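Computed from a predicted structure; not experimentally measured. Labels below follow one simple rule: chain letters A, B, ... track the order of the sequence lines, proteins then strands, and each chain is numbered from 1.
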Amino acid sequence: MKATFAKTLSANDVGATGSHQAGILVPKADKELMAFFPVLDPAILNPDAWIICIDEFGDEWKFRYVYYNNRLHAEHGTRNEYRLTYLTKFFKRMGAKAGDSLLFSTTNEVGKYRISLKRKELPAEDSPPGVIVLQGWRRVH
DNA sequence: AGCCATGCACCG
DNA sequence: CGGTGCATGGCT
């Protein structure tokens with residue numbers, strides 16, 4: 001199944017906030033996304049998987065897909081979320097800024113994705129009030 | 001649910 | 001010793 005998803009980058013995602021955690025959040029609420037990315041076993045504490053991403057120039061990037069789930073394991077755990085980390089170098093190379101979009105699409109190979117960075121769209125000067133700038137993840141195809 | 005932030009380990 | 005990433009806590 002071919003699919004494409006886009007994630008609008010937040011300031012924290014690209015490391016612009018001073019967080020040394022360049023990495024984006026993957027909502028576990030989205031079933032399509034859960035199927036899109038590797039399956040991580042909740043029975044394991046903080047399981048992770050590495051995915052290969054090819055950018056538009058043919059360069060390969062390895063990203064870490066982690067399921068922080070200590071809430072399900074540790075006594076007073078508070079985490080229960082999926083994240084994509086290890087993106088610092090990629091963002092630096094691409095010069096990603098908050099508001100840009102990162103696109104993921106599947107390839108023939110399992111665990112391999114095609115990615116590209118889409119620049120933030122400038123707000124149309126004649127935008128009627130109430131126009132919503134999409135945030136977070138959304139399915140493109 | 002999602003984004004922001006921090007203490008510490010590791011490595012050049 | 002500064003940058004990077006991990007794991008976790010905090011705030012909205």
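Near DNA chain C, meaning a heavy atom under 4.0 Å away, there are no residues from residues 25-41 of chain A.
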Original post:
Can you check side chain to side chain donor-acceptor pair (under 3.5 Å) on A:Arg114 and A:Thr4, steps first, answer last?
Top reply: CA-CA 9 Å; A:Arg114 181 156 281 280; A:Thr4 299; over 6 Å; no
May I have the list of side-chain donor-acceptor pairs in residues 41-54 of chain A shorter than 3.5 Å, sequence neighbours left out?
residue: A:Asp41; atom: OD1; partner: A:Ala43; partner atom: N; Å: 2.9
residue: A:Asn46; atom: OD1; partner: A:Asn69; partner atom: N; Å: 3.1
residue: A:Asp48; atom: OD2; partner: A:Arg64; partner atom: NE; Å: 2.7
residue: A:Asp48; atom: OD2; partner: A:Arg64; partner atom: NH2; Å: 3.2

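For A:Tyr65, the ring pair (Phe, Tyr, Trp, His ring centres under 6.0 Å) partners are A:Phe37, A:Tyr82, not counting sequence neighbours. The side-chain hydrogen bond (donor to acceptor under 3.5 Å, both in side chains) check on A:Asp30 picks up nothing, with sequence neighbours excluded. For A:Glu56, there are no salt bridge (charged side-chain N to carboxylate O under 4.0 Å, His left out) partners at least two apart in sequence or on another chain. Qualifying side-chain hydrogen bond (donor to acceptor under 3.5 Å, both in side chains) partners for A:Trp137, counting only residues two or more places apart in sequence or in other chains: none. Remark: A:Ser10 pairs with A:Asp13 by the side-chain hydrogen bond (donor to acceptor under 3.5 Å, both in side chains) rule, at least two apart or across chains. Taking the ring pair (Phe, Tyr, Trp, His ring centres under 6.0 Å) definition, one finds that A:Phe91 meets it with nothing, sequence neighbours left out. Under the rule for a side-chain hydrogen bond (donor to acceptor under 3.5 Å, both in side chains), the partners of A:Arg83 that lie at least two apart in sequence or sit in another chain are A:Glu81.
For the pair A:Arg93 CZ and C:dT4 P, the interatomic distance rounds to 14 Å; values are reported in whole Å. Protein atom OH of A:Tyr65 is 15 Å distant from nucleotide atom P of C:dC6, rounded to whole Å.
Between A:Lys89 and the phosphate of C:dG3, there is no side-chain N or O to OP1/OP2 separation shorter than 4.0 Å.
Overall, the helix from B:dA1-C:dT12 to B:dG12-C:dC1 carries an axis bend of 10° between its ends, with five pairs at each end and the value rounded to 10°.
Between A:Leu9 and A:Ala96, the closest heavy-atom pair is CD2-CB, 4.2 Å.
Note on A:Tyr68: it does not cluster hydrophobically with A:Leu40, by side-chain heavy-atom contacts below 4.5 Å among ILVMFWY residues.
Here chain A contacts DNA chain B (any atom closer than 4.0 Å to a heavy atom, that is under 4.0 Å), and the contacts span B:dA1 to B:dC8 from 5' to 3'.
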Original post:
Where along nucleotides 7-12 of chain C does protein come under 4.0 Å, by heavy atom, of base (B) or sugar-phosphate alone (S), with - for untouched nucleotides?
Top reply: BBBB--
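Looking only at atom types and distance, the side chain of A:Arg119 has no donor-acceptor partner in the side chain of A:Ser101 under 3.5 Å away.
A heavy-atom distance below 4.5 Å is found between the side chains of A:Trp61 and A:Arg93.
In this structure, A:Ala11 reaches the sugar-phosphate backbone alone: every heavy-atom distance under 4.0 Å involves primed, P, OP1 or OP2 atoms, never a base.
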